[in-house]
Structures are given as structure tokens and as C-alpha cells.
Number of protein chains: 2
Amino acid sequence: MFSSILAHIRRFVPLNSEEEALLASLLEVREVKKKEHLLQAGEICKANYFVAKGCFRLYLITDKGAEQVIQFGIEDWWITDYAGLKSGKPSGFYVQAVEPSTVVVLNKEAEEELFDKIPQLERYFRQVLERAYSAQLTRIHYIFNMTGEEQYKLMNKHYPEFVQRVPQYMLASFLGITPEFLSMLRAKKD
Amino acid sequence: MFSSILAHIRRFVPLNSEEEALLASLLEVREVKKKEHLLQAGEICKANYFVAKGCFRLYLITDKGAEQVIQFGIEDWWITDYAGLKSGKPSGFYVQAVEPSTVVVLNKEAEEELFDKIPQLERYFRQVLERAYSAQLTRIHYIFNMTGEEQYKLMNKHYPEFVQRVPQYMLASFLGITPEFLSMLRAKKD
DNA sequence: TCTCTTTCTTAAACTACTTTAAGTTTTTTG
DNA sequence: CAAAAAACTTAAAGTAGTTTAAGAAAGAGA
């Protein structure tokens with residue numbers, strides 16, 4: 001049940017069996033149906049989610065009423081509205097399963113208790129966040145310096161399975177282009 | 001000398017006087033001239049920098065030879081190439097002072113020793129990174145859903161001093177538009 | 001204070017992408 | 001398995017920005 005998350009944590013910090021048992025007692029496994037939401041705009045975000053299996057998207061509804069995909073989360077990624085989780089204010093984001101998925105739920109209260117009893121977990125999350133942060137800076141670099149076509153091609157080259165895995169209109173939104181334009185790009189050559 | 005960084009850390013975690021003394025012994029204060037680099041592309045990134053006074057930019061040179069500003073860092077921000085710092089590989093980024101500045105240098109080795117002796121610092125950086133990461137996600141949302149003009153106006157409204165503080169061509173690059181276009185936007189109304 | 005360098009401005013021609021609208025295909029559900 | 005809903009395609013007209021080029025203004029070193 002928890003093997004994937006424990007393996008992931010162990011890639012960053014050591015864990016003894018007591019700590020693993022404590023983690024197992026405070027974490028929660030949850031099956032999520034396709035299109036089911038873990039968080040909706042207006043709600044208070046109460047947990048951080050580790051994707052054990054499946055795929056999620058973090059998105060929001062813009063002023064013009066369109067869905068904007070901000071981030072995807074697949075196996076071994078954490079996904080949540082960090083700002084909302086930490087502030088306790090109603091979230092502006094949605095977190096939704098793109099396909100039938102399994103997550104490990106880390107509730108806010110469990111998180112506090114775990115950070116207290118397993119200080120190594122602070123180290124784990126620090127490192128996870130360092131990576132997530134620099135990935136976003138790299139992404140901003142791509143957004144500014146590559147055309148939609150170049151970004152799509154790069155994505156297709158580096159993550160061909162992923163491009164097939166999510167609906168095209170979600171991928172278009174993530175890349176910051178319209179689904180019509182992405183459709184045209186695909187038609188050009190494939 | 002270290003008062004600004006100690007005050008910042010105390011906003012997140014408590015520090016006793018021994019810990020403060022240890023920090024002071026392992027941190028280093030450095031004056032940086034305008035246009036001086038803390039890091040250049042091709043070098044190995046060896047430290048994380050806390051801006052005590054002044055302003056820095058994290059940028060890179062694109063394939064086409066243009067400077068692309070990825071991030072600014074002003075007072076109370078940490079700035080570095082996290083990916084390079086952690087991987088030990090040559091960096092693709094430049095970190096340069098936009099104005100005469102003072103930084104507190106946290107070297108890689110000092111960081112390891114400090115994390116070891118003051119576990120609370122892991123907690124501090126985890127929280128700093130949570131904020132930095134969600135700020136980048138919000139920024140991506142703005143990039144995709146606001147025109148250059150809207151982003152410039154919002155920035156002018158929220159951070160009018162900052163807009164005056166950095167050269168316009170750097171601000172344009174940060175906003176993902178050309179300096180010519182920003183100049184035109186400013187001329188429209190001010 | 002003069003000169004050199006850096007930064008900012010203006011404007012015309014161009015392009016990557018959006019918008020709109022309508023039709024087609026695929027997937028989901030009772 | 002049929003009907004409805006969701007996802008994808010095509011194409012024409014429009015726009016937010018870039019590119020290029022040249023000149024003007026401001027800043028900084030000697």
C-alpha cells in the first residue's frame with residue numbers, strides 16, 4: 001500500500017522501521033475515480049497528495065471562464081495548492097484526477113505531527129520542493145523562449161507516453177496554447 | 001551584520017543564542033558591486049545567497065544570444081541556481097547585482113553543517129521553498145492569462161517602487177516582452 | 001565637464017497565435 | 001447498443017506581440 005511513498009522518501013532520507021510504521025499509521029490511501037476532485041475552488045485545502053498511481057491536474061477557472069491547467073502530477077509527484085494549504089484560506093484551484101488513480105493523503109494535522117516526530121521529513125520535503133521550484137523556473141524559461149510548436153515537440157521527444165496519456169485540450173492548456181492550435185500542430189507532421 | 005537574516009529565520013522558526021552564534025560563524029557577508037556576478041554560466045554554483053540589501057537578477061543567455069531574466073531577488077529573498085547547487089553540475093545561469101548590494105552567503109559545506117546542527121533550518125527552508133514554488137505557479141497563471149500590458153499594469157499597481165528600481169529592459173525580459181513593446185505600453189498612459 | 005556607453009523611444013513591416021464557427025470523431029452512460 | 005456528451009479537427013479572419021532600424025536621452029568614468 002505505502003511502498004511507493006516509502007521508497008520515494010528513502011531516496012532522499014533514511015527511515016527506520018518505527019518511522020515507517022508511524023508514517024503508515026498517519027497516512028491514508030485513497031482511490032480516486034477519473035474526473036473526481038481532491039480539491040475544488042472555494043474549499044479549504046486540507047492535505048498534500050502523493051500520486052502512487054495515475055495522473056492529476058491542478059487547474060483554475062480564469063476570469064473569462066476557461067480552464068487553465070497549471071500543473072500535472074503523475075506517479076511519485078506531490079500535488080496540492082501549497083499556498084492554500086499553508087494559509088488556510090479558501091483555495092482558487094481545483095485538483096482533479098485525469099484517470100483512475102491512487103493517492104497517499106498527508107493531512108495537515110498528520111503533517112505537523114510527522115514533522116515533529118520524524119525531523120528527517122522536513123529534509124525530504126525541502127529537497128522535493130527545491131526540485132519542484134527549479135523545475136518551474138526552467139518551465140518559465142521554455143515558455144518565454146520557445147514557440148508553442150517547439151515546446152510541444154520537446155515534450156513529445158522527452159515524454160512521448162505522457163503526451164498520449166492526457167487529453168489534448170488539457171495538454172494545450174498546460175502549454176499555454178489553444179486546443180485548435182495544438183490540433184493544427186499535430187496535423188502538420190506526426 | 002546578520003540581523004536581517006536572523007530576523008527572517010525567526011519569522012519561521014525559533015533560534016536560541018547558541019544557534020545564532022553558530023550561524024554567524026558559518027555565514028559570510030559580502031558586498032557586491034553593481035553588475036558584479038555571484039554566478040556565471042559554466043561555473044559550478046557553490047552557494048545560496050540571502051539578499052540583505054539591494055537587488056539581483058537570475059538570468060540566462062538564450063540560443064539566440066538574448067538575455068532572459070528568470071527571476072529577481074530583493075531584500076529578504078534567497079537567490080541561487082538551486083538545480084546547479086544541488087547537482088554540482090556547471091550552471092546555465094547568471095546571478096548578477098542590479099544595484100550595489102549586500103548578500104549573506106550560505107556555502108554548500110556550511111549549509112550541510114548547519115542543517116546537521118540546527119535541524120530547524122530544514123524547516124525554515126522548507127517553508128521558504130513552499131512560498132517560492134507557489135509564487136512561480138501563480139506567475140505561470142499570470143503569464144498565460146494576462147496580456148503583457150495587463151501584467152505590467154498589475155506589477156505597477158502592486159510594486160510601483162520595484163518597477164522604478166530596475167532598468168526597463170530587464171523588467172520587459174522578466175515579463176516576457178520586448179523592451180520596445182514595454183516602452184510603447186508606458187507611452188500609452190502613465 | 002566631456003565623451004563613451006548604456007538605456008529608452010518611435011514606427012513600419014511581419015508572424016505566431018487566437019477567435020469564431022461548424023462539422024467530425026470518439027467516449028461515456030443508461 | 002443507441003443516444004448523448006465529450007473531445008478533436010479544419011479553416012478564415014483578426015490581434016497581441018516581435019523584428020528591424022535608427023535616433024534620442026540619460027548615466028558613468030576619466
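Per chain, numbering begins at 1; letters A, B, ... match sequence-line order.
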Problem - B:F72 and B:F174 aromatic ring geometry - parallel, tilted or perpendicular at 30°/60° bounds - result: tilted

Practice task
Describe, in one word, how the ring planes of B:F12 and B:Y124 are oriented to each other, choosing from parallel (under 30°), tilted (30 to 60°) and perpendicular (over 60°).
Solution key: perpendicular

For [X] and [Y], indicate whether the former's side chain and the latter's backbone hold a donor-acceptor pair under 3.5 Å.
X      : Y     : result
A:R131 : B:Y82 : no
B:T102 : B:A52 : no
B:E43  : B:Q40 : yes

Calculate the interatomic distance between [X] atom [atom1] and [N] atom [atom2]; express it in whole Å.
X      : N      : atom1 : atom2 : answer
B:M184 : D:dT15 : CE    : P     : 15 Å
B:M170 : C:dT7  : CE    : P     : 6 Å
B:Y169 : C:dT10 : OH    : P     : 20 Å
A:E99  : D:dA7  : CD    : P     : 14 Å
B:Q164 : C:dT7  : CD    : P     : 16 Å
A:L171 : D:dT9  : CG    : P     : 12 Å
A:K33  : C:dT28 : NZ    : C1'   : 15 Å
B:K188 : C:dC8  : NZ    : C1'   : 18 Å

Problem - Estimated bend of the helix from C:dT1-D:dA30 to C:dG30-D:dC1 (axis per five terminal pairs, rounded to 10 degrees) - result: 70°

Exercise for the section: Taking all non-hydrogen atoms of both residues into account, name the closest pair between B:E111 and B:K86 and its distance. Expected result: OE1-NZ, 2.9 Å

Exercise for the section: Give one of base, sugar-phosphate or nothing for A:F181, where a contact means two heavy atoms less than 4.0 Å apart. Expected result: base

Are OP1 or OP2 of [N] and a side-chain N or O of [X] less than 4.0 angstrom apart?
X      : N      : value
A:K35  : D:dA7  : yes
A:T178 : C:dC17 : no
B:Q168 : C:dT9  : yes
A:S183 : D:dC8  : no

Exercise for the section: Measure the shortest side-chain to side-chain distance between A:L106 and A:F50 over non-hydrogen atoms and say whether it is less than 4.5 angstrom. Expected result: no

Fill in the blank from the handout: Per atom distances to the A:E180 side chain, the nearest of C:dT19, D:dA16, C:dT9 is C:dT19

Problem - Whichever of B:K34 and B:L182 has its nearest DNA chain D nucleotide further upstream toward 5' - result: B:L182

